[in-house]
There are 2 protein chains.
Amino acid sequence: MQPIEQPKSLMEVTTGKIRDAIVSGELSLGSKLSEQRLADMLGISRSPVRDALAALQIEGLVNVSPKRGSFVFTPDMRDVDELCEHRTILEIAAIRMGMDRNYDKLIKSLEESCDAMQRALDKPNPKNYSIADDQFHKFILDASGNRSIIKSYNHTISRAKALRTHLFTIFDENTDRSMGEHIQILEACRNKDSDLATTLIAKHIEHLATAFRIGHSNQPTDTST
Amino acid sequence: MQPIEQPKSLMEVTTGKIRDAIVSGELSLGSKLSEQRLADMLGISRSPVRDALAALQIEGLVNVSPKRGSFVFTPDMRDVDELCEHRTILEIAAIRMGMDRNYDKLIKSLEESCDAMQRALDKPNPKNYSIADDQFHKFILDASGNRSIIKSYNHTISRAKALRTHLFTIFDENTDRSMGEHIQILEACRNKDSDLATTLIAKHIEHLATAFRIGHSNQPTDTST
DNA sequence: ATCAACCATGTAACATGTTAGTTGGAATTG
DNA sequence: CAATTCCAACTAACATGTTACATGGTTGAT
C-alpha cells in the first residue's frame, strides 16, 4: 500500500483544459471567454471556471476585465521580448546549477529529449518536436533542483508555448537549426563547459525571440471569435 | 478631468489584508485560516475570501488543503535556501539590466532608499528600515524595466518578507552590516562596475540566507493559532 | 438625418446554499 | 482501562442566486 494522490479538483481540471485550449491554438489570442459559456460547455458550474480563470490570469494567459469579460492574452512586441529575456535568465541560471548538482541526471534527460526531437524530425512530426523541445528546456530547469525557480519558470513558459503555436504555422520555425542548437547545448554540458552552454542557450532563445518578432509583425491584431 | 482608476475589488483588498497580516506577523506561520472565519472577521462573504486565498496560495504564502482548511505557509530550510537563490538570480540579472538601460533612474532611486535606511538607523526605527530595505531591492528590479521579471520577483519576495518578520525579533538582523552592504552596492552602481555590484548582491543575500538559517533552526515547528 | 437618452442584454463580482471529505472526541466494546 | 467505532462539527469544493456595471442597439426629440 502506498499513499494515493489527491484526485484533481474540478478547478484544476478546468484550468488545464482552458490552458491547453489556449496553448494549442484552439482559442485564439484575444478571444472572449465568458464564465457562463465555458461552464455550459464543460458541463459544470461557474465556480470552478471562475477559479480557473483567476489562476490563468495570474499565469498571464488570460486578462479578466471587471464586469466585461475574460479574454485570452494579447501579447505585444514588448511582452515577447520581456518573456524571452526572463526565460533566458532562468534557463542560464538553471543549467549552471544543474551541471554543478545533477550532472548525470541532466545529461541523461537532455539526451532523452534530443532523441525525441530527432525522431520527430525524421517522421516528420511537428507537434512531437514541439513537445520534445519543451521537455528539453523543462529538464534543464528540473536539474536545478530549485522548486521556486521551477515554479516560476512554469508560470512563465506557457505564454511562450502559446506564442509559438499562434505565430508559427506548422514548420515556420527553423527546426533544423533548432535541433542543432539543442545538440550543441547538450554537448557543452557533456564537456562541463558551463560558459559555452549558457552562451548557446542565450543565442538559442534569442533566435526564438527573433522568430517571434517576425511572426508577430506579420500577424498584428487578431481578435476573432 | 483624468480617467479614474478602477476601485479595487473586494477580493483584491482582502488579498492585501491577509498578505499584510502574514507578512507583518499578525498571523503566525502555519496558523489556520478558515474561509468562514475570515469572512466573518472582515464582514464580507466567503467568495472574495476564497478568491484571495487562492491567489495567496499561488503566491506561496498560503497552503490550501482540500476539505481541511487553509494554513499560512511553513517554510523549511530548503524553502529558505531556494527562495534566496531565486532572489539572487533575479536581482543580479535586474541590476545588470538596470545599469545598462536606466542608469540615472537606478542611481537616483537607490540613493533615495539608502537615505531612508540611514534615517531609520538614526532614529532608530526597525520597521522603517525594513521598508526602505525592501524598497531598495524593489527599485533594482524596477530599473530592469522587464515587467515579467518584476512580477515574478514580487510573487517571490513576500515570502522572504514574512520570513524576516517571523524569524527576527526586532533587531536580530545585523542592520549595520546590511546598511554598509547597500551603500557598497550603490557605490558599485555609481562606478558602473556591474561585476562588483552583482558580487555584492550575491553576498548580501547570502548573509540574509545565513541569518534565516540560524533563525529557522532556533524556531522549528511553530503551529500556534 | 443626428444625436442623445433609454433599455435590453451580457458580464463578472459577490452572496448564499448544498455537498462531500476530514477531524476530534464521545460512546461502546473487549 | 484500552482500543475501536461512530457521530457531530468543521471545512473547502462546488452550485446557484443576486447585484452592479458595461455595452450595443433602439427610440424619440430636434
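The chains referred to below are lettered A, B, ... by the order of the sequence lines, with proteins before strands, and numbering in each begins at 1.
Under the salt bridge (Lys or Arg N to Asp or Glu O under 4.0 Å) criterion, A:Glu85 pairs with B:Arg101, not counting sequence neighbours. Remark: B:Arg19 engages B:Glu59 in a salt bridge (Lys or Arg N to Asp or Glu O under 4.0 Å) (not counting sequence neighbours). B:Phe136 pairs by the ring pair (Phe, Tyr, Trp, His ring centres under 6.0 Å) definition with B:His182, not counting sequence neighbours. For B:Glu12, there are no salt bridge (Lys or Arg N to Asp or Glu O under 4.0 Å) partners, not counting sequence neighbours.
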Donor-acceptor pairs under 3.5 Å, side chain of residues 91-98 of chain B to any protein atom, not counting sequence neighbours: which ones?
residue, atom, partner, partner atom, Å
B:Glu91, OE1, B:His137, ND1, 2.6
B:Glu91, OE2, B:Arg87, NE, 3.0
B:Glu91, OE2, B:Arg87, NH2, 3.2
B:Glu91, OE2, B:His137, ND1, 3.3
B:Glu91, OE2, B:Tyr153, OH, 2.8
B:Arg96, NH2, B:Asp195, OD1, 2.5

TODO: Would you mind building the protein contact string for nucleotides 9-15 of chain D? One character per nucleotide, 5' to 3', B for base within reach (heavy atoms under 4.0 Å), S for sugar-phosphate only, - for untouched.
DONE: --BSBBB
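To the nearest angstrom, P of D:dA22 lies 13 Å from CZ of A:Phe71.
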